[in-house]
Amino acid sequence: MQFGVFTVGDVTEDPMTGTTISEAERIKSMVTIALKAEEVGLDVFATGEHHNPPFVPSSPTTMLGYVAAKTSKLILSTSTTLITTNDPVKIAEDYAMLQHLADGRVDLMMGRGNTGPVYPWFGQDIRNGIALAVENYALLRRLWREDVVDWEGQFRTPLQGFTSTPRPLDDVPPFVWHGSIRSPEIAEQAAYYGDGFFHNNIFWPVSHTKQMIDLYRRRFEHYGHGAADQAIVGLGGQVFMRKNSQDAVREFRPYFDNAPVYGHGPSLEEFSRETPLTVGSPQQVIERTLTFREHFGDYQRQLFLMDHAGLPLKTVLEQLDILGSEVVPVLRKEFDSLRPAHVPEAPTHASLKAAAERARSLETLETVEAGDR
Amino acid sequence: MSERTIAVVTAGLTSPSSTRLLADQLAAAVRDTLDERGVPRRIVVIELRDHAHDLTNNLLTGFPSESLRSVLDTVTRADALIAVTPTFSASYSGLFKLFFDVLDDKALVGKPVLIGATGGTERHSLVLEYAMRPLFAYLQAVVVPTAVYAASSDWGPHATALRSRSTRAATELADLITNTAPSTGPIDPFDDSTPFEDLLKG
């Protein structure tokens, strides 16, 4: 089981001080959070991609390349990479490059982006969101898997004899997750390719998230990638912890009340009841997170949203200390002991490379056997 | 004949409100007409005031609370709808509109609907024709020809005339209900996803 953090990269006023940090401070604090994630024993750091204020991370591979140089074990990922408005050719190149620099510690999460105005800035139209995600990703897969690609589609100029460089590290493309909050088509896409499916699990009730994950698992089995319970599932989550739960609630409430997305809406108590948000003691976070397994089955990756809504860096780093020392070690042990042997871990570069080598040696064996006959 | 469900959505704010009085009068007229025809029926009244916070929250968070979801499901699965609003600033009230903004835009397709409105003066009565009817036309509901408006005077000296308008509208709604197959509810997109090969074809 992998544990980590994912960040949106918002620049939001701290409601307690009325101050807003600069973009420079926010970018540096995102890096500090990534390094802290490795220091406290987390496995994954994932950054969002945005092209409009108040968000800073428009260039994920620049940031992840820098973090790669400063870390040694952390898996670098995205939450999400915009498969709709980015050119799939550029995604193929950027993330293959990052793979080489990070010695394979890279995977990606594809997402569509739900901000309408962003699409035309990149020559697209949000009404084609699903069609763009389907076509662009189909091309991206070919660019990583075929040395020379001839291609023609609806949304980008045709390619003739094109080779995306550099080739993926060890000829093993990065593992891909598909993130979607409520589009069945994306769960279907993840299942079709046998890729991972990630649900952000922050804004919606468990009953809804379960429908998405159940669909993905059912279709994963339908497409012959394994049994439904062997599908690769990732979940988000949102927590704020203090030793005493009342202190956690008191400290987090102003950030919750003024947060982008859900601020000025439901109360903290309502939102905690309706969604997986957990504000309380580390023990409460452990108990709530363990219920995810009961709802969604054994899963492979748990990412927490820790730094948003103007929370000061110091507070976020304290949260990561609690997460790394008190919460994740218990969850790791519990989840691992509960998971049946036939349920796989999330694929990594090492496991995908080994699988590719096994497949190649089997091919050689079959050729030899055919020759013998 | 299988039981038909009639959802009544009313956006009155006070208690008692004349909007609720009109909703009750329309619901009772529909009930009596269906009873006369031997059509089993269930009537569910939804006071939007009870869900005002949840409606705003749904707008902000993108998902309904559990109690609001059950209300939205009731309306979506109902065989017919009676919708009544007070007239605010020459239109339906904001609370009334909020409910239909949050409701799935396919929820009312082909559904028989009776519309009603209340106001302090008869001068607002065309609100039914220039605000309410276009809203439900957009949502592709089947709105009965008679829409019922009740001004303050309709509860006193003109009560008989109001009652006869209600009965006429109720008969029209009952006709539509009895001539339409029972509601099967919405299609579940998670039960029946589009195969990926079809998505790949574009």
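On a predicted model such as this, the values are computed, not experimentally measured, just so you know. Below, chains carry the letters A, B, ... as their sequence lines are ordered, and counting in each starts from 1.
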Considering distance alone, list the donor-acceptor pairs between chain B and chain A shorter than 3.5 Å.
unit_1: B:Glu66; atom_1: N; unit_2: A:Glu274; atom_2: OE1; d: 3.3
unit_1: B:Glu66; atom_1: N; unit_2: A:Glu274; atom_2: OE2; d: 3.3
unit_1: B:Arg69; atom_1: NH1; unit_2: A:Ser207; atom_2: OG; d: 3.1
unit_1: B:Phe190; atom_1: O; unit_2: A:Arg218; atom_2: NH2; d: 2.5
unit_1: B:Ser193; atom_1: OG; unit_2: A:Glu188; atom_2: OE1; d: 2.8
unit_1: B:Phe196; atom_1: N; unit_2: A:Glu188; atom_2: OE2; d: 3.1
unit_1: B:Phe196; atom_1: N; unit_2: A:Tyr223; atom_2: OH; d: 3.0

Using atom types as modelled and distance alone, determine if a side-chain donor or acceptor of [X] lies under 3.5 Å from a backbone N or O of [Y].
X       : Y       : answer
B:Ser93 : B:Thr85 : no
B:Asp32 : B:Ala29 : no
B:Arg41 : B:Asp35 : no
B:Asp79 : B:Ile6  : no

### Query
What do you reckon, is CZ of B:Arg37 surrounded by more than 12 foreign heavy atoms closer than 6.0 Å?
yes

### Task
Would you mind telling me which of A:Leu215, A:Ile181, A:Ile130 has the largest number of heavy-atom pairs within less than 4.5 Å of chain B?
A:Leu215

### Query
Of the backbone (N, CA, C, O) and the side chain (C-beta and beyond), which part of A:Ala138 lies under 4.5 Å from a heavy atom of chain B, both, or neither?
side chain

### Task
For residues B:Val75 and B:Leu108, determine if any side-chain heavy atom of one lies less than 4.5 Å from a side-chain heavy atom of the other.
yes

### Message
Give me each pair satisfying side chain to side chain donor-acceptor pair (under 3.5 Å) with a member in residues 131-147 of chain B, each pair once, sequence neighbours excluded.
### Response
B:Glu129-B:Arg133, B:Thr146-B:Arg168, B:Thr146-B:Glu172

